[in-house]
**Student:** 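I'd like to ask some things about the structure below.
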Amino acid sequence: MTEEDAIYEASLPYLVGITVATDTPGPTGDWVDGLRRFALSGSVFEFHGRWVLATAGHCINDLNAIVRHDGQLSVAVVDGWAGGGGQLQPIPLHYDPDLAFAYDDNKWDFGFIILPDNTRALLEAGRVKTVGPDHYSSEPSDDKYQVCAVLGLPTSAQNARVKGDAVALEVSPVLARLEHAFEVPAEVKKADVPLWYGRLKNEMAAEIGSLDGMSGGTVFGFRRLNSEKIHLQVIGIQYAIKRHGQYIYVMATPWYMVNKLLEELRARIQDAEAPEQVKAEDGDKL
């Protein structure tokens, strides 16, 4: 197994796809059988005993907009890449905007869905790995990593088609290696915001089919421990790319920052699990 293959295999258990079918028009997806079908990238975050499905904030706001405009919406989660004979079929998820939060402003862009117990049980059976304290306890340090990469489900790797009596949305994970030791140009960097930045050359992005649609994907750092073991560190949630000169810059909200912000919202999250006590408005920005 090559190092590239080893890194890819180590990353896959952290990837959870969010598949969507809707009758609402939008810029991405394939229209098949009257519905627009596409997938979002995500991962599972363990927060004080709860499992939450994390992605980019604007992805959550897009789902909330469909609900707000009374659009038809069907959501499922997919973890068939985790290996070990895990769940290969989509797990239906009742999407409730009261249990979905978006932190989407000019600084941060992440969102999450509080997962019900039955969904958690099926994901656990599929051997999904969660992002926990060992990943987000401290700020990422680039000098600890030999390789950095982002894993996600770009739109170029998604294809919806009729398969028998049903419609199958086929999605293929893509891992893009990123440079991580460089000076971020002033035209790219957001002032006073502790984001993580990676970059790759434009021609490299073309080879992997573009990074468009990978919002919500996880950024990883890797370090080889010996000839057989690679240490993996979850760095952050990718939410935007910016092309500047010969490079594409990947911006990510660091996981340590996600945890800090969620701690500030802990009471709100607890209240959301009791819908009779609180009803958040669709598309709330926290």
**Student:** How many angstroms lie between atom CG of Leu200 and atom OH of Tyr247, to the nearest 0.5 angstrom?
**Tutor:**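 With rounding to 0.5 Å, CG (Leu200) is 10.0 Å from OH (Tyr247).
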
**Student:** With sequence neighbours left out, what residues match Thr24 under side chain to side chain contact (heavy atoms under 4.5 Å, CB included)?
**Tutor:**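 Side chain to side chain contact (heavy atoms under 4.5 Å, CB included) check on Thr24 returns Thr22, Ile66.
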
**Student:** Considering only residues two or more places apart or on different chains, which pairs with a residue in residues 224-246 satisfy ring-ring contact (aromatic ring centres under 6.0 Å, His included)?
**Tutor:**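 Found none.
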
**Student:** Do Tyr249 and Tyr197 have ring centroids that are under 6.0 Å from one another?
**Tutor:**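 Ring-ring flag for Tyr197/Tyr249: false, centres at least 6.0 Å apart.
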
**Student:** Hey, are the side chains of Leu15 and Thr218 touching, using non-hydrogen atoms and a 4.5 Å cut-off?
**Tutor:**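 No. Closest side-chain heavy atoms not under 4.5 Å.
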
**Student:** Identify, with sequence neighbours excluded, every residue that meets ring pair (Phe, Tyr, Trp, His ring centres under 6.0 Å) alongside Trp196.
**Tutor:**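 Not a single residue meets the ring pair (Phe, Tyr, Trp, His ring centres under 6.0 Å) criterion with Trp196.
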
**Student:** Could you work out, with side chain to side chain contact (heavy atoms under 4.5 Å, CB included) as the rule, every residue matching Thr119, not counting sequence neighbours?
**Tutor:**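 Per chain and number, Thr119 pairs via side chain to side chain contact (heavy atoms under 4.5 Å, CB included) with Val77, Ile91, Leu93, Leu115, Pro116, Leu123.
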
**Student:** Considering residues at least two apart in sequence or located in another chain, which fulfil the salt bridge (charged side-chain N to carboxylate O under 4.0 Å, His left out) criterion with Arg37?
**Tutor:**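 Partners of Arg37 under the salt bridge (charged side-chain N to carboxylate O under 4.0 Å, His left out) test: none.
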
**Student:** Would you please name every residue forming a salt bridge (charged side-chain N to carboxylate O under 4.0 Å, His left out) with Arg223, sequence neighbours left out?
**Tutor:**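 Result, salt bridge (charged side-chain N to carboxylate O under 4.0 Å, His left out) vs Arg223: none returned.
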
**Student:** Can you name the side chain to side chain donor-acceptor pair (under 3.5 Å) partners of Glu46, sequence neighbours left out?
**Tutor:**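 In terms of side chain to side chain donor-acceptor pair (under 3.5 Å), with neighbours along the sequence ignored, Glu46 is linked to Thr130.
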
**Student:** With sequence neighbours excluded, what pairs up with Arg120 under the salt bridge (charged side-chain N to carboxylate O under 4.0 Å, His left out) test?
**Tutor:**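 Once residues adjacent in sequence are excluded, the partners of Arg120 under the salt bridge (charged side-chain N to carboxylate O under 4.0 Å, His left out) criterion are Glu124.
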
**Student:** Sorted by first residue and then second, give each ring-ring contact (aromatic ring centres under 6.0 Å, His included) pair with at least one member in residues 2-22; sequence neighbours left out.
**Tutor:**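 Residue pairs passing ring-ring contact (aromatic ring centres under 6.0 Å, His included), neighbours aside: Tyr14-His135, Tyr14-Phe220.
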
**Student:** What's in the same ILVMFWY side-chain cluster as Val162, cut-off under 4.5 Å, chained through other members?
**Tutor:**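 Same cluster as Val162: Val32, Val167.
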
**Student:** According to side chain to side chain donor-acceptor pair (under 3.5 Å), who are the partners of Ser215, at least two apart in sequence or on a separate chain?
**Tutor:**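 Listed in chain order: His58.
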
**Student:** Less than 3.5 Å apart, which donor and acceptor atoms pair up between the side chains of residues 177-186 and the rest of the protein, not counting sequence neighbours?
**Tutor:**
{"unit_1": "Arg177", "atom_1": "NH1", "unit_2": "Glu4", "atom_2": "OE1", "d": "3.0"}
{"unit_1": "Glu179", "atom_1": "OE1", "unit_2": "Arg199", "atom_2": "NE", "d": "3.1"}
{"unit_1": "Glu179", "atom_1": "OE1", "unit_2": "Arg199", "atom_2": "NH2", "d": "3.2"}
{"unit_1": "His180", "atom_1": "NE2", "unit_2": "Tyr145", "atom_2": "O", "d": "3.1"}

**Student:** Would Trp108 and Val188 show up in the same hydrophobic cluster when neighbours are defined by side-chain heavy atoms closer than 4.5 Å?
**Tutor:**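 In one cluster: yes.
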
